[in-house]
Amino acid sequence: MTAHTPPRALRFTALAAVPLLALAVGCGGDDGGVQASKEVASAPAAGPTADPTADGPATAGRKDTTAFFDAQMKYVRCMRTKGGIEDFPDPRLSGYLDWAKIDALTDPNGSGEEQKGGKGGVCNHEMSEAMKREPKRDAQKDYESMLAHAQCMRENGASKFGNPTMSGGNVVPGGETNPVNPTMDRRSPAYKKAREACEGKLLEGLDGMQ
């Protein structure tokens with residue numbers, strides 16, 4: 001069976017100048033980059049009573065996630081209209097795109113426009129603007145998540161699945177080690193079975209990266 005170019009390679013090609021995983025170590029962020037909204041503020045031991053309406057870490061996190069989601073919806077609407085992908089799926093509530101659904105509607109014999117901002121990259125601007133609003137992530141946690149996922153993939157039959165690496169404080173996803181001439185068939189039953197077995201290893205927002 002012919003190996004297909006992995007969608008991850010296509011989507012990185014579309015945004016070569018946009019750091020989809022510019023994940024500086026120490027930037028912070030909770031599982032998958034959506035900052036926690038469950039922090040409990042405590043009143044100071046002395047001084048004025050804390051203002052419950054004041055912006056705190058939890059409020060800022062919610063605002064970051066809302067801005068990210070709104071920006072992704074602009075991208076989605078562009079993809080459905082100018083991009084020519086009428087069935088392009090909504091983002092998740094976290095703001096991250098649902099790459100499993102996007103992969104499912106991608107034409108394996110096409111040019112990858114479903115992954116690359118629509119026909120002729122007409123929606124690349126909206127994609128770029130959305131990624132600028134992605135909440136800050138913890139690069140070390142993302143690396144560990146991708147590494148666990150890569151190990152799981154190999155253990156479940158995808159023997160050529162490569163490990164992620166760290167470069168300059170940023171995470172470089174693993175997976176296909178030769179995107180130009182793929183060695184793995186992502187559409188094979190064995191590969192799909194491995195992905196299903198290992199999907200829980202990836203943090204929110206990383207499912208489309210490797």
Side-chain angles (χ1 to χ4, degrees), residues 1-23 32-34 64-135 137 142 146 149 158 161 170-189 191-196 199 202-210:
M1 185 177 291
T2 303
H4 297 275
T5 301
R8 178 175 63 84
L10 296 173
R11 67 190 66 138
F12 276 124
T13 299
L15 280 179
V18 179
L20 292 186
L21 281 176
L23 311 173
V34 181
D64 287 347
T65 302
T66 299
F68 185 40
F69 179 87
D70 291 345
Q72 288 282 41
M73 279 304 304
K74 290 182 180 179
Y75 172 64
V76 168
R77 286 192 288 269
C78 179
M79 288 293 286
R80 290 173 178 169
T81 53
K82 293 187 291 183
I85 316 297
E86 295 181 1
D87 297 327
F88 199 84
D90 284 341
R92 296 171 176 168
L93 291 178
S94 62
Y96 289 100
L97 297 177
D98 192 330
W99 286 108
K101 292 181 178 179
I102 296 172
D103 287 349
L105 61 79
T106 298
D107 182 357
N109 299 313
S111 61
E113 59 197 26
E114 299 89 349
Q115 314 278 343
K116 298 192 297 183
K119 296 178 179 178
V122 67
C123 298
N124 277 351
H125 173 73
E126 286 79 4
M127 181 188 284
S128 173
E129 289 301 306
M131 295 316 299
K132 290 177 183 177
R133 289 164 177 77
E134 179 185 14
R137 303 182 63 97
D142 284 348
M146 287 184 174
H149 176 257
F161 201 97
N170 297 329
V171 183
V172 180
E176 178 57 67
T177 56
N178 188 0
V180 177
N181 295 299
T183 59
M184 297 185 293
D185 183 2
R186 293 172 59 95
R187 295 180 177 273
S188 70
Y191 188 92
K192 290 180 179 179
K193 184 177 180 179
R195 285 201 68 86
E196 290 174 1
E199 60 185 358
L202 289 173
L203 296 176
E204 177 75 19
L206 299 183
D207 61 320
M209 295 295 105
Q210 74 170 22

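Computed from heavy atoms alone, side chains included, the values below leave out hydrogens, waters and symmetry copies.
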Novice: Just to verify, what does Y191 make a side-chain contact (heavy atoms from CB on, under 4.5 Å) with, not counting sequence neighbours?
Specialist: M153, A158, F161, M184, R186, S188, R195
Novice: Would you check if the side chain of E113 reaches a backbone N or O of G120 as a donor-acceptor pair within less than 3.5 Å?
Specialist: no
Novice: Any idea which heavy atoms bring R137 and D142 closest together, and the distance?
Specialist: NE-OD2, 2.6 Å
Novice: For F88, check ring-ring contact (aromatic ring centres under 6.0 Å, His included) against everything at least two apart and list the hits.
Specialist: Y75
Novice: Look up atom NE2 in H149 and atom CG in L202, then write down how far apart they are to the nearest 0.5 Å.
Specialist: 4.0 Å
Novice: Does any non-hydrogen side-chain atom of V76 lie less than 4.5 Å from one of L97?
Specialist: yes
Novice: Is any side-chain heavy atom of M131 closer than 4.5 Å to one of Q72?
Specialist: yes
Novice: Apply side-chain contact (heavy atoms from CB on, under 4.5 Å) to P89 and list each qualifying residue two or more places apart in sequence or on a separate chain.
Specialist: K101, I102, L105
Novice: Apply side-chain contact (heavy atoms from CB on, under 4.5 Å) to E199 and list each qualifying residue two or more places apart in sequence or on a separate chain.
Specialist: none
Novice: May I have all residue pairs that pass salt bridge (charged side-chain N to carboxylate O under 4.0 Å, His left out) and include part of residues 67-79, sequence neighbours excluded?
Specialist: none
Novice: Without swapping roles, check the side chain of Q210 against the backbone of M146 for a donor-acceptor pair under 3.5 Å.
Specialist: yes
Novice: Just how far is it from atom NZ of K116 to atom OG of S111, taken to the nearest 0.5 Å?
Specialist: 5.5 Å
Novice: Taking all atoms of both residues into account, what is the closest heavy-atom pair of S94 and E204, and its distance?
Specialist: OG-OE2, 2.6 Å
Novice: Indicate the atoms forming the closest heavy-atom contact of R133 with A71, along with that distance.
Specialist: CD-CB, 3.7 Å
Novice: Using a 3.5 Å distance criterion without hydrogens, assess whether the side chain of E114 forms a donor-acceptor pair with backbone atoms of D107.
Specialist: yes
Novice: Does anything in residues 78-92 form a side chain to side chain donor-acceptor pair (under 3.5 Å)? List the pairs, not counting sequence neighbours.
Specialist: R80-D90, R92-D207
Novice: Of all the heavy-atom pairs spanning G83 and C123, show the shortest one and how long it is.
Specialist: N-SG, 4.0 Å
Novice: Salt bridge check: are K193 and E196 linked by an N-O gap of less than 4.0 Å?
Specialist: no
Novice: Compare every heavy atom of M73 with every heavy atom of P91, then report the nearest pair and how far apart it is.
Specialist: CD-SD, 3.3 Å
